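What follows is one structure encoded as structure tokens, with my remarks underneath.
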Amino acid sequence: MRIKELLKSNAAIGTKVEVKGWVRTKRGNKNINFVALNDGSTIHTIQAVIDASAFPEDLMKQVTTGACIAVKGILVQSPGKEQSIEIQAEGLVVYGSANPDTYPLQKKGHSLEFLREIAHLRPRTNTFGAVLRIRHALAFAIHKYFNDNGFFYLHTPIITGSDAEGAGEMFRVTTLDAKNPPLLGDGSVNFSEDFFGKQTNLTVSGQLEGELGALALSRIYTFGPTFRAENSNTPRHLAEFWMIEPEMAFYEIKDNMDLAEDFLKYLIRYALDNCRDDLEFLRKMYDEELIARLSFILENRFERITYTKAVEDLEKSGENFEFPVKWGVDLQTEHERYLVEKFYAKPVIVTDYPKAIKAFYMKQNEDGRTVRGMDVLFPKIGEIIGGSQREEDYEKLKMRIRELQLPEKDLWWYLETRLFGTAPHSGFGLGFERLVLFVTGMGNIRDVIPFPRAPKNAEF
RNA sequence: UCCUCAGUAGCUCAGUUGGUUAGAGCACCUGGCUGUUAACCAGGGGGUCCUAAGUUCGAGUCUUAGCUGAGGAGCCA
């Protein structure tokens, strides 16, 4: 029986049960031992009470922090204060001992930096157990939300031949010999001899393909790995992360904002409703404000302002910013934080950015100088969602591609969707780890993914 | 990539103005304790003070360079 079920089943009291898990601590004396056992099903442990004289000394010596054991016994009311029930052990099996001289996890606190170096063992800590369970719950809730709202899960390619998304530096995918690649006459690499007959990369976004799906199924979403070869070294960036990208036909920018807000609130509520114990643990250990902050998001409407209004707000704020605010220049992190944390003191959606600082595919406004992009800004983590209404007009889109000197030929299929049965449509990208970061209150994105990939780090 | 800070026992950390043999808690070993709550009490073992060079009678401590990590910035999700 798993510990989570056991702890809530009063019916099992007096019956014989068996639990299997990893030892968190062992306390006691030569007569009696108390073992706190955890199997990952919950943050909580169950206490096994072991009469030392009933088991061989050699066996008891193997029961140390980190060991994997099975305990059979009667489930009883506990006379102790810290737990209501416990197991009176009758049978004990050690599946795997963990030599305390070399096992790196102890029952005292470790730094998150140290745990990153032992990512193969850190899921066994309370913190990472909690984070990983919350991560799972959020992933599940994402699929549930979309499924319940008529969206179809579309699998967009991970290997892509298009370099037109402009979302960042890409990782090359190749089977060519790195030491001795085939060359063209001018000395450049001849990619026509590569596996796909052309240059290919890992995807930086499934959006363009997502649009193809939306212009057939009306509402789709993607949820898959995404890769950016940027040399970004921050607590908010990974080289490999998971991104959710819904794309909807017949949605204008306002519908897009409504969806983004409803979606985020649904996910946060889902975590509050289903991960209470884990959130409580994280609140207690890391971030006293965590649950209050999550509730605050649910209770408040996101402030919706245009980029132009944001610039005005910042200009009249009287704040002394390191980077001066000026219409036409992208908002800096300090500006975004000021708007979200001080000026409005709640999540903010900024729309209608100058077209010069946004991607080619965003729908151009009538004013000729702004586009219907939107960024959802959250306290602590900044940009959690970036999205837009897409340009559905063939001529305008083609002109924009030419203006920016993007490889028009490679985008023929994207352009054709505007030529045949085009439709107004919108979508956005949500960084999954940024969501998990916000919901768990953790400080570093490398601590909310099991095996983080970042510059100079691909261990495990 | 830029800026700032840090690196001392397996882990978490202390180490004063440069001064004798570098400390504590946890973990480990020995002993004690019949119900513990990150159990407790007594004793013990455990160090390339990140690396290299330099200043000095003397460097964990000061200087320079490098490595690694963290925070901030840029890029973005």
Side-chain angles (χ1 to χ4, degrees), chain A residues 23-36 45 47-53 61 64-66 76-83 86 88 98-118 121 125-126 165-169 204-207 223 225-245 260 285 321-323 330-337 357-359 375-378 381-387 428-438 443-449 454-457:
Chain A
V23 174
R24 282 292 158 75
T25 70
K26 183 170 78 166
R27 299 177 287 267
N29 51 49
K30 67 184 170 196
N31 299 301
I32 186 165
N33 281 283
F34 303 93
V35 173
T45 54
Q47 174 160 282
V49 184
I50 302 174
D51 180 356
S53 62
K61 273 199 153 172
T64 58
T65 299
V76 297
Q77 300 274 4
S78 175
K81 282 196 181 96
E82 306 291 318
Q83 63 282 319
E86 63 189 20
Q88 204 70 47
N99 183 348
D101 283 329
T102 49
Y103 184 64
L105 289 173
Q106 296 162 21
K107 47 188 169 182
K108 281 231 168 181
H110 295 284
S111 67
L112 293 169
E113 289 86 354
F114 173 69
L115 293 175
R116 268 171 230 153
E117 293 169 13
I118 51 165
L121 296 172
T125 62
N126 286 331
E165 290 136 354
E169 290 296 310
V204 293
S205 165
Q207 181 199 317
F223 187 175
T226 310
F227 308 87
R228 304 267 167 98
E230 300 286 350
N231 190 13
S232 332
N233 237 304
T234 85
R236 299 181 302 283
H237 289 86
L238 290 166
E240 176 185 286
F241 62 101
W242 289 68
M243 186 152 66
I244 299 103
E245 295 179 290
M285 298 300 288
F321 295 113
E322 189 187 343
F323 297 92
D330 208 357
L331 299 177
Q332 301 288 317
T333 297
E334 58 171 341
H335 305 143
E336 295 178 347
R337 292 195 66 151
I357 59 172
K358 288 291 180 182
D375 286 352
V376 181
L377 309 177
F378 260 34
I381 58 170
E383 186 178 339
I384 192 169
I385 277 179
F428 61 78
L430 167 67
F432 183 54
E433 283 75 17
R434 291 213 178 148
L435 174 73
V436 182
L437 200 55
F438 183 75
N444 192 313
I445 202 163
R446 297 172 192 202
D447 296 330
V448 298
I449 187 168
K456 303 273 183 285
N457 188 358

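Everything quoted here is computed from the prediction, not taken from an experiment. The sequence lines fix the lettering, A, B, ..., with proteins before strands; numbering per chain opens at 1.
A donor atom on one side chain and an acceptor atom on the other are found under 3.5 Å apart for A/S205 and A/E245.
If you check every strand for non-hydrogen atoms under 4.0 Å, A/I244 touches nothing. Residue contacts for A/Q88: at a heavy-atom cut-off of 4.0 Å it reaches a base atom on one of the strands shown. In this structure, A/F114 reaches the sugar-phosphate backbone alone: every heavy-atom distance under 4.0 Å involves primed, P, OP1 or OP2 atoms, never a base. A/K81 comes within contact range of at least one nucleobase, with a heavy-atom separation under 4.0 Å. Among the atoms of the strands shown, base atoms are found under 4.0 Å from some heavy atom of A/T234. Here A/Q83 lies in heavy-atom contact (under 4.0 Å) with a base. Across all strands shown, A/G429 has heavy atoms under 4.0 Å from sugar-phosphate atoms exclusively, and none from any base. No engagement by A/P104 is indicated, since no non-hydrogen atom pair under 4.0 Å with the nucleic acid exists.
Contact annotation: A/N233 does not reach the phosphate of B/G69 (side-chain N/O to OP1 or OP2, under 4.0 Å). Applying the 4.0 Å criterion to OP1 and OP2 of B/A39, one finds that A/T25 has a side-chain N or O inside that range. Between A/R116 and B/A70 there is a side-chain N or O to OP1 or OP2 distance below 4.0 Å. Listed pair A/R446 / B/G71 fails the phosphate criterion, with no side-chain N or O lying under 4.0 Å from OP1 or OP2. One finds a side-chain N or O of A/K30 lying less than 4.0 angstrom from the OP1 or OP2 phosphate oxygen of B/C33. Distances shown here put every side-chain N or O of A/N29 at or beyond 4.0 Å from the OP1 or OP2 atom of B/U34.
Counting atom types as modelled, A/Q106 pairs no side-chain N or O with a base atom of B/U12 as donor and acceptor under 3.5 Å. With hydrogens and angles ignored, a donor-acceptor pair closer than 3.5 Å exists between the side chain of A/S232 and the base of B/C75. At a cut-off of 3.5 angstrom, counting only N and O atoms as typed in the model, there is no donor on one side facing an acceptor on the other between the side-chain of A/Q332 and the base of B/G74. Remark: the A/E86 side chain and the B/G35 base include a donor-acceptor N/O pair separated by less than 3.5 Å. A donor-acceptor contact under 3.5 angstrom links the side-chain atoms of A/H237 to the base of B/C76. Judged by distance alone, with hydrogens and angles left aside, A/R228 brings a side-chain donor or acceptor within reach of the base of B/A77, the pair sitting under 3.5 Å.
The 12-atom threshold is exceeded at CZ of A/R116, counting heavy atoms of other residues, nucleotides or ligands nearer than 6.0 Å.
Side chains of A/V76 and A/E86 form a contact here, defined as non-hydrogen atoms less than 4.5 Å apart. Taking 4.5 Å as the limit, some side-chain heavy atom of A/R446 sits within range of a side-chain heavy atom of A/N444. Side-chain contact between A/P235 and A/I445 is absent, with no heavy atoms from C-beta onward closer than 4.5 Å.
Side chain of A/E334 to main chain of A/E322: a donor-acceptor pair is present (N/O by atom type, distance under 3.5 Å, no hydrogens or angles).
The CD1 atom of A/I381 sits 18 Å away from the C1' atom of B/G71 (whole-angstrom rounding).
Across all strands shown, B/A73 pairs with B/U1; the Watson-Crick or G-U wobble distances both stay below 3.5 Å. Across every strand in view, B/A6 sits in a pair with B/U68 that passes the Watson-Crick or G-U test at under 3.5 angstrom. In a base pair of the Watson-Crick type (N1 to N3 plus N6-O4 or O6-N4) or a G-U wobble (N1-O2 and O6-N3), with each distance short of 3.5 Å, B/A39 is matched with no nucleotide. Base pairing analysis places B/G18 opposite nothing; no Watson-Crick or G-U wobble pair with both distances below 3.5 Å involves it. Across all strands shown, B/C28 forms a Watson-Crick or G-U wobble pair with B/G44, both key distances being under 3.5 Å. The partner of B/G54 is B/C62, judged by Watson-Crick or G-U wobble contacts that both fall below 3.5 Å.
If you take atom P in B/G19 and the same atom in B/U63, they sit 15 Å apart, rounded to whole Å. B/C13 and B/U21 have their P atoms separated by 28 Å, given to the nearest Å.
Of the two residues contacting RNA chain B, namely A/R27 and A/V49, the nearest-nucleotide position lying further toward the 5' end is that of A/V49. Place A/F34 and A/N231 on RNA chain B by their nearest nucleotides, and A/N231 ends up nearer the 5' end.
Of the candidates B/U37, B/C11, B/C28, the closest approach to any side-chain atom of A/D101 belongs to B/C28. The side chain of A/S111 has B/U12 as its nearest neighbour among B/U12, B/A27, B/U36.
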Evaluate the side-chain contact (heavy atoms from CB on, under 4.5 Å) criterion for residues A/F241 and A/F227: first the C-alpha distance (whole Å), next the side-chain angles of each, then the deciding distance (0.1 Å), finally the verdict. CA-CA 7 Å; A/F241 62 101; A/F227 308 87; over 6 Å; no
